[in-house]
Number of protein chains: 4
Amino acid sequence: MKKKGVKERIIETASDLFYNQGYSQTGINQIIAEAGVAKASMYQHFRSKEDIAVEYLVARHGMWMGKLNDCVSRKSTSKNKVIGCFDYLIEWLTEVNFRGCGWQNIITDLPEENHKIKAQAVYHKNELRKWIHNLLLQEEQYKEEEVLDLGDQVLILIEGAIILSQIQKESWPIESAKKACIKILT
Amino acid sequence: MKKKGVKERIIETASDLFYNQGYSQTGINQIIAEAGVAKASMYQHFRSKEDIAVEYLVARHGMWMGKLNDCVSRKSTSKNKVIGCFDYLIEWLTEVNFRGCGWQNIITDLPEENHKIKAQAVYHKNELRKWIHNLLLQEEQYKEEEVLDLGDQVLILIEGAIILSQIQKESWPIESAKKACIKILT
Amino acid sequence: MKKKGVKERIIETASDLFYNQGYSQTGINQIIAEAGVAKASMYQHFRSKEDIAVEYLVARHGMWMGKLNDCVSRKSTSKNKVIGCFDYLIEWLTEVNFRGCGWQNIITDLPEENHKIKAQAVYHKNELRKWIHNLLLQEEQYKEEEVLDLGDQVLILIEGAIILSQIQKESWPIESAKKACIKILT
Amino acid sequence: MKKKGVKERIIETASDLFYNQGYSQTGINQIIAEAGVAKASMYQHFRSKEDIAVEYLVARHGMWMGKLNDCVSRKSTSKNKVIGCFDYLIEWLTEVNFRGCGWQNIITDLPEENHKIKAQAVYHKNELRKWIHNLLLQEEQYKEEEVLDLGDQVLILIEGAIILSQIQKESWPIESAKKACIKILT
DNA sequence: CATGAATGAGGCTTCATTCAT
DNA sequence: CATGAATGAAGCCTCATTCAT
């Protein structure tokens, strides 16, 4: 059994803190303290706090999309997979006590300079968008030209459900979004 | 000609700064400097930075709802007023360069402690929710029991459109949300 | 008897440290520790470390020129006052163990950005230059057009004597410079 | 074609950086990065940063004295060679944009501990002093007992011209020093 | 009711050096 | 002989808040 590497420990600790207490609210001192790492060791692996955030978001993207895929894989049709997104949201957000979306949270109250972080958020949302479009494209029910529109509308419902459930600390926005999604995809 | 009161000046300055450069990114020193107020004078009127934020949100609520009302007042039917919300979003968010929603922005990257701020966000979104419900209730087209559902779905589209247009720095999410809204309200 | 002000204490402490152990070698932490002041208190009075250095140099300029004037005031003629500069150098540099010139020392190994500090060094040397020129102008022995030249040559001897005695930690360069000065002014 | 040795590369890189951006302003990380050397490899060759500085000064001494000799070799008499020093100063300092003397720069803002560096500065200045004395000894014009005095005075003019031109970022101090030198050597 | 001075805690980042491989 | 990871100490600066006047 080998001890986990420093870099790994930093990302894990930072991920936990960034997501759960916020990026601005998390200082490097806390990160290195909880990761059990010297400050300069941390800066050997990451040029800046922003760079840690980028790796946090990259790792989170893989994990999040993976879980989403797992969750909807049980569904029969592509259309049901898309609708199943909202089941995933319920599952996930309930578990994290409606802490919201890591990407939304980190960009909303961020100084202008952090371009790399903002780019990650855009990347993540674009990937999710493509993922939805691809699923809908497989449905013979929809004409190709309307798939883009439909997908975007679903994406907006997802985003709205996440942020509203975070504000309300309740799950009804996700249920509502699911209903709207079903209506839209009919 | 009377000089504006200290409290008033602080709220105005802080509102501008909190919204445009972020709550975490705005320090008390900048607020008092730009407001032309002594530090202890400020603490005479506000117990803490959070308290300033609360009053900022209260003031913003009045202004925001007012502008929303103004914008949709031109529309003929209640249904069209609801759909007109998205015209307001376009107008507003384009003007502020897709800076997003003041309430969303301030709560997403905030630690759990700031109860007063979070309460304001809940309050604002509930008022908006009620506003939408009231409009839909006036439409004979909808049964009373479905109005709640419809309203919530519209609210989610609004929230999603705001946050997604903020991430993308583009207006298409608002256009998409409007289309979805029209479909849902049919 | 009143306690000395914070700003005063900072300048005094910093002056001592900047001169005796070097600007780059002196950290803010040492300054505030020895001055017995909180870090933020220091930054209330000085925007940056460079600003402290500027005030140190300003204060030093007054003190240094004052002592120079005192020292040469005993001399009879203007010419002898100029030559007397080197007696001042001996007196002063012996006392400070040949620590050299505060202005020379601070600019030689300085990052490019510190414009305000560099400006102070230029200012000080220009004032000294004017001071020498004025003395020489009072001597009927010299034609007006040669005074500038003579003065500059004396200034160079002063600068050379200071830096060389600092390197050698000995006083002979000052004695040599004095001899050269006498020769030049003949 | 053989790759340059590690030690050689470090000295060359460090020399460039130490002289052009300052000793305190140059970190080991920058040195090894620009030299393309691993950190521990560097510490295999040099016990400390100070040791690198020493070898930088040693190398610089050879180069500097060489160029000085080259420059004055064109002059006819020994006396003219000495005066020619100031032509060298002009040539050199203009080229380096009045960056001053490597030895002066490194010792002025240095704490008392760095004995090895200070010793190198003393060594360099003594060698230059001897070099001047030797030249003057070859001139029959001067009595042996006055050569020491004359040489020291020239040395002081050189030092003063260098530091003053560095402060002023102008060449007139060197011109003035040359005039003084000519007068002194008459 | 208003003020500027003072503060402890913490912000992010870099330093020169050593260690295990 | 070479390497990258790891470190403790220190770098300069800003935070929200309180206190004495």
Side-chain angles (χ1 to χ4, degrees), chain A residues 3 5-10 24-33 35-53 111 113, chain B residues 5-7 23-33 36-53, chain C residues 3 5-7 9-10 23-33 35-53 111 113, chain D residues 5-7 23-33 36-53:
Chain A
K3 202 184 164 191
V6 172
K7 187 165 183 176
E8 204 176 351
R9 251 154 53 221
I10 293 171
S24 314
Q25 266 53 48
T26 303
I28 10 202
N29 286 323
Q30 190 182 7
I31 296 175
I32 61 166
V37 169
K39 202 172 285 191
S41 299
M42 203 211 75
Y43 276 95
Q44 191 112 29
H45 294 280
F46 303 92
R47 227 185 287 278
S48 66
K49 187 187 173 189
E50 183 177 15
D51 279 18
I52 304 181
E113 313 89 66
Chain B
V6 171
K7 187 165 183 177
Y23 177 69
S24 314
Q25 268 54 51
T26 303
I28 307 238
N29 289 318
Q30 191 183 5
I31 295 174
I32 61 165
V37 169
K39 193 170 285 190
S41 296
M42 201 214 74
Y43 276 95
Q44 200 97 23
H45 291 281
F46 302 92
R47 217 186 291 277
S48 67
K49 188 185 173 188
E50 184 178 13
D51 280 17
I52 304 180
Chain C
K3 201 185 165 191
V6 172
K7 186 166 184 176
R9 250 152 56 221
I10 293 171
Y23 177 70
S24 315
Q25 267 52 49
T26 303
I28 311 235
N29 288 321
Q30 190 182 6
I31 295 175
I32 61 166
V37 168
K39 200 172 286 190
S41 299
M42 205 211 74
Y43 276 96
Q44 192 113 30
H45 293 280
F46 303 92
R47 228 184 287 277
S48 67
K49 187 187 174 188
E50 183 177 15
D51 279 17
I52 305 181
E113 313 89 63
Chain D
V6 170
K7 187 165 184 177
Y23 177 68
S24 315
Q25 268 54 51
T26 303
I28 329 213
N29 289 318
Q30 191 182 5
I31 296 175
I32 61 166
V37 169
K39 194 169 284 191
S41 296
M42 201 213 73
Y43 275 96
Q44 199 96 24
H45 291 283
F46 302 91
R47 217 185 293 276
S48 68
K49 188 185 175 188
E50 185 178 12
D51 281 17
I52 304 181

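All chains are named by letter (A, B, ...) in the order of the sequence lines, taking the proteins before the strands, and each is independently numbered beginning at 1.
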Take the protein atom [atom1] of [X] and the nucleotide atom [atom2] of [N], then report the distance between them rounded to whole Å.
{"X": "D:Gln44", "N": "F:dG4", "atom1": "CD", "atom2": "P", "result": "14 Å"}
{"X": "C:Gln25", "N": "F:dA9", "atom1": "CD", "atom2": "P", "result": "20 Å"}
{"X": "D:Arg47", "N": "E:dT18", "atom1": "CZ", "atom2": "C1'", "result": "14 Å"}
{"X": "D:Ile31", "N": "E:dT14", "atom1": "CD1", "atom2": "P", "result": "16 Å"}
{"X": "B:Phe46", "N": "E:dC1", "atom1": "CZ", "atom2": "P", "result": "14 Å"}
{"X": "B:Glu50", "N": "F:dC15", "atom1": "CD", "atom2": "C1'", "result": "16 Å"}
{"X": "D:Met42", "N": "F:dG4", "atom1": "CE", "atom2": "C1'", "result": "14 Å"}
{"X": "B:Ile32", "N": "E:dC1", "atom1": "CD1", "atom2": "P", "result": "20 Å"}

Runs of at least three consecutive pairs that involve DNA chain E, where pairs are Watson-Crick or G-U with distances under 3.5 Å: E:2-21 with F:2-21

For B:Tyr23 and B:Ala53, work out which heavy atoms get closest and say how close. CE1-CB, 3.6 Å

When you check the phosphate oxygens OP1 and OP2 of [N], does a side-chain N or O of [X] lie under 4.0 Å from one of them?
{"X": "C:His45", "N": "E:dA6", "result": "yes"}
{"X": "B:Lys39", "N": "E:dG4", "result": "no"}
{"X": "A:Ser41", "N": "F:dA5", "result": "no"}
{"X": "B:Asn29", "N": "F:dA16", "result": "no"}

Heavy atoms under 4.0 Å, any strand shown: does [X] hit a base, just sugar-phosphate, or nothing?
{"X": "A:Ile28", "result": "base"}
{"X": "D:Val37", "result": "nothing"}
{"X": "B:Thr26", "result": "sugar-phosphate"}

Working to the nearest 0.5 Å, report the span between [atom1] of [X] and [atom2] of [Y].
{"X": "D:Gln30", "Y": "D:Gln25", "atom1": "CD", "atom2": "CD", "value": "10.5 Å"}
{"X": "A:Gln44", "Y": "A:Ile10", "atom1": "CD", "atom2": "CD1", "value": "10.0 Å"}
{"X": "A:His45", "Y": "A:Asp51", "atom1": "NE2", "atom2": "CG", "value": "13.5 Å"}
{"X": "B:Met42", "Y": "B:Lys49", "atom1": "CE", "atom2": "NZ", "value": "10.0 Å"}

With DNA chain E as reference, determine whether A:Lys49 or C:Ala40 sits nearer its 5' end, using the nearest nucleotide of each. C:Ala40

Partner of A:Lys39 by side chain to side chain contact (heavy atoms under 4.5 Å, CB included), out of A:Ile31, A:Ile32, A:Ile28: A:Ile32

Could you say whether B:Tyr43 or A:Ala38 is positioned toward the 5' end of DNA chain F, judged by the nucleotide with the nearest heavy atom to each? A:Ala38

